[in-house]
Novice: 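Quick one: structure below, then a few questions.
Quick caveat, the model's predicted, so the values are computed rather than measured. The figures here come from the full heavy-atom set of this structure, side chains too, leaving out hydrogens, waters and symmetry mates.
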Amino acid sequence: MLFRMVIQYPYLPSGREIKYVSEDNVFMRAAREYIHTHKKDIVHPTGSVIVKDELIIGRGANGSDYHERHGCERKRKNIPTGERYDLCEGCHPKNHSEPKAIADAISHGEDTHGADLYLYGHWWCCKPCWDAMIDAGIRDVYLMEGSERIFNSKR
């Protein structure tokens with residue numbers, strides 16, 4: 001009998017699930033490669049690509065230069081992951097890779113309804129990012145196999 005570990009995500013909307021692909025998946029590699037030239041968060045860089053009909057229609061990398069200039073207010077106050085993004089401009093969801101990829105697709109006239117999002121560099125998606133993806137009609141979210149071990153700073 002195969003044992004499958006149940007991952008306790010900090011947030012997962014009702015009726016949604018996270019799917020997994022290998023690190024060598026072409027779209028996961030594209031998300032990872034996008035980070036190299038577009039990331040602004042050097043501590044926890046993440047990249048997202050939106051895929052529809054086997055084509056990448058949007059790309060995003062997280063971060064802003066706020067943390068480099070001012071530090072992180074959430075870290076100074078020991079705020080747990082996924083909470084109180086409003087306290088820090090650098091942590092604000094507008095700086096997360098998922099909404100940036102959605103905005104990129106839309107800016108190029110792409111329809112994101114029915115598309116999938118591949119996220120590299122993290123092991124879950126926060127509520128504001130899920131809300132943005134659901135509003136954009138993103139069908140499935142894919143993370144890299146083992147991401148809960150590799151990218152979870154608590155492990």
Novice: Are Trp123 and Met144 packed together at the side-chain level, in the sense that at least one heavy-atom pair is separated by less than 4.5 angstrom?
Specialist: no
Novice: Under the ring pair (Phe, Tyr, Trp, His ring centres under 6.0 Å) rule, what do His92 and Tyr66 come out as? Steps first, then yes or no, please.
Specialist: CA-CA 10 Å; His92 193 281; Tyr66 185 89; over 10 Å; no
Novice: Report whether Tyr34 and Ile138 are members of the same hydrophobic cluster (ILVMFWY, side-chain heavy atoms less than 4.5 Å apart, transitive linking).
Specialist: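 Not linked; separate clusters.
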Novice: With a 3.5 Å distance limit and no angle check, can you tell me whether His70 reaches the backbone of Glu89 through a side-chain donor-acceptor pair?
Specialist: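 No, because the side chain of His70 does not come within donor-acceptor range (under 3.5 Å) of the backbone of Glu89.
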Novice: Using a 3.5 Å distance criterion without hydrogens, assess whether the side chain of Asn62 forms a donor-acceptor pair with backbone atoms of His44.
Specialist: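 Flag set: sc Asn62 to bb His44 pair under 3.5 Å.
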Novice: State, yes or no, whether a side-chain contact exists between Met28 and Ser22 at a heavy-atom distance under 4.5 Å.
Specialist: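 Heavy-atom side-chain distance check fails, nothing below 4.5 Å.
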Novice: Do Ile79 and Tyr85 sit in the same hydrophobic cluster, where Ile, Leu, Val, Met, Phe, Trp and Tyr count as joined when their side-chain heavy atoms come under 4.5 Å apart?
Specialist: no
Novice: Do Cys126 and Pro10 have side chains that get closer than 4.5 Å, going by heavy atoms?
Specialist: no
Novice: Has the side chain of Thr112 got a donor or acceptor atom that lies under 3.5 Å from a matching backbone atom of Gly137?
Specialist: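 Between the backbone of Gly137 and the side chain of Thr112 there is no qualifying donor-acceptor contact (under 3.5 Å).
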Novice: Do Ile50 and Arg59 touch side chain to side chain, with heavy atoms closer than 4.5 Å?
Specialist: no
Novice: Would you say the side chain of Val141 lies within less than 4.5 Å of the side chain of Trp130, judging by non-hydrogen atoms?
Specialist: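 Trp130 vs Val141: side chains touch.
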Novice: Is any side-chain heavy atom of Glu98 less than 4.5 Å from a side-chain heavy atom of Cys125?
Specialist: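 With C-beta onward as the side chain, the pair touches.
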Novice: Please report the interatomic distance OH(Tyr9) to CD(Glu148), rounded to the nearest 0.5 Å.
Specialist: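 Taking OH in Tyr9 and CD in Glu148, the distance rounds to 7.0 Å.
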Novice: Return yes if some donor-acceptor pair links the side-chain N/O of Lys94 with the main-chain N/O of Lys100 below 3.5 Å, else return no.
Specialist: no
Novice: Is there a side-chain contact between His122 and Leu143 in this structure, where contact means two heavy atoms from C-beta onward sitting under 4.5 Å apart?
Specialist: no
Novice: Between Phe27 and Ile150, is there a shared hydrophobic cluster once you connect ILVMFWY residues whose side-chain heavy atoms come closer than 4.5 Å?
Specialist: yes
Novice: Please determine which of Tyr120, Tyr20, Tyr118 meets the ring-ring contact (aromatic ring centres under 6.0 Å, His included) test together with Tyr142.
Specialist: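 Filter result, single survivor: Tyr118.
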Novice: Looking at every non-hydrogen atom in both residues, tell me the closest pair between Gly82 and Arg74 and how far apart they are.
Specialist: N-NH2, 3.5 Å
Novice: How close do Gly71 and Cys88 get, heavy atom to heavy atom, and via which atoms?
Specialist: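 Gly71 and Cys88 have their closest heavy atoms at O-SG, 4.4 Å.
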Novice: Stepwise, does the salt bridge (Lys or Arg N to Asp or Glu O under 4.0 Å) test hold for Asp131 with Lys127?
Specialist: CA-CA 6 Å; Asp131 290 346; Lys127 183 181 183 325; 2.8 Å; yes
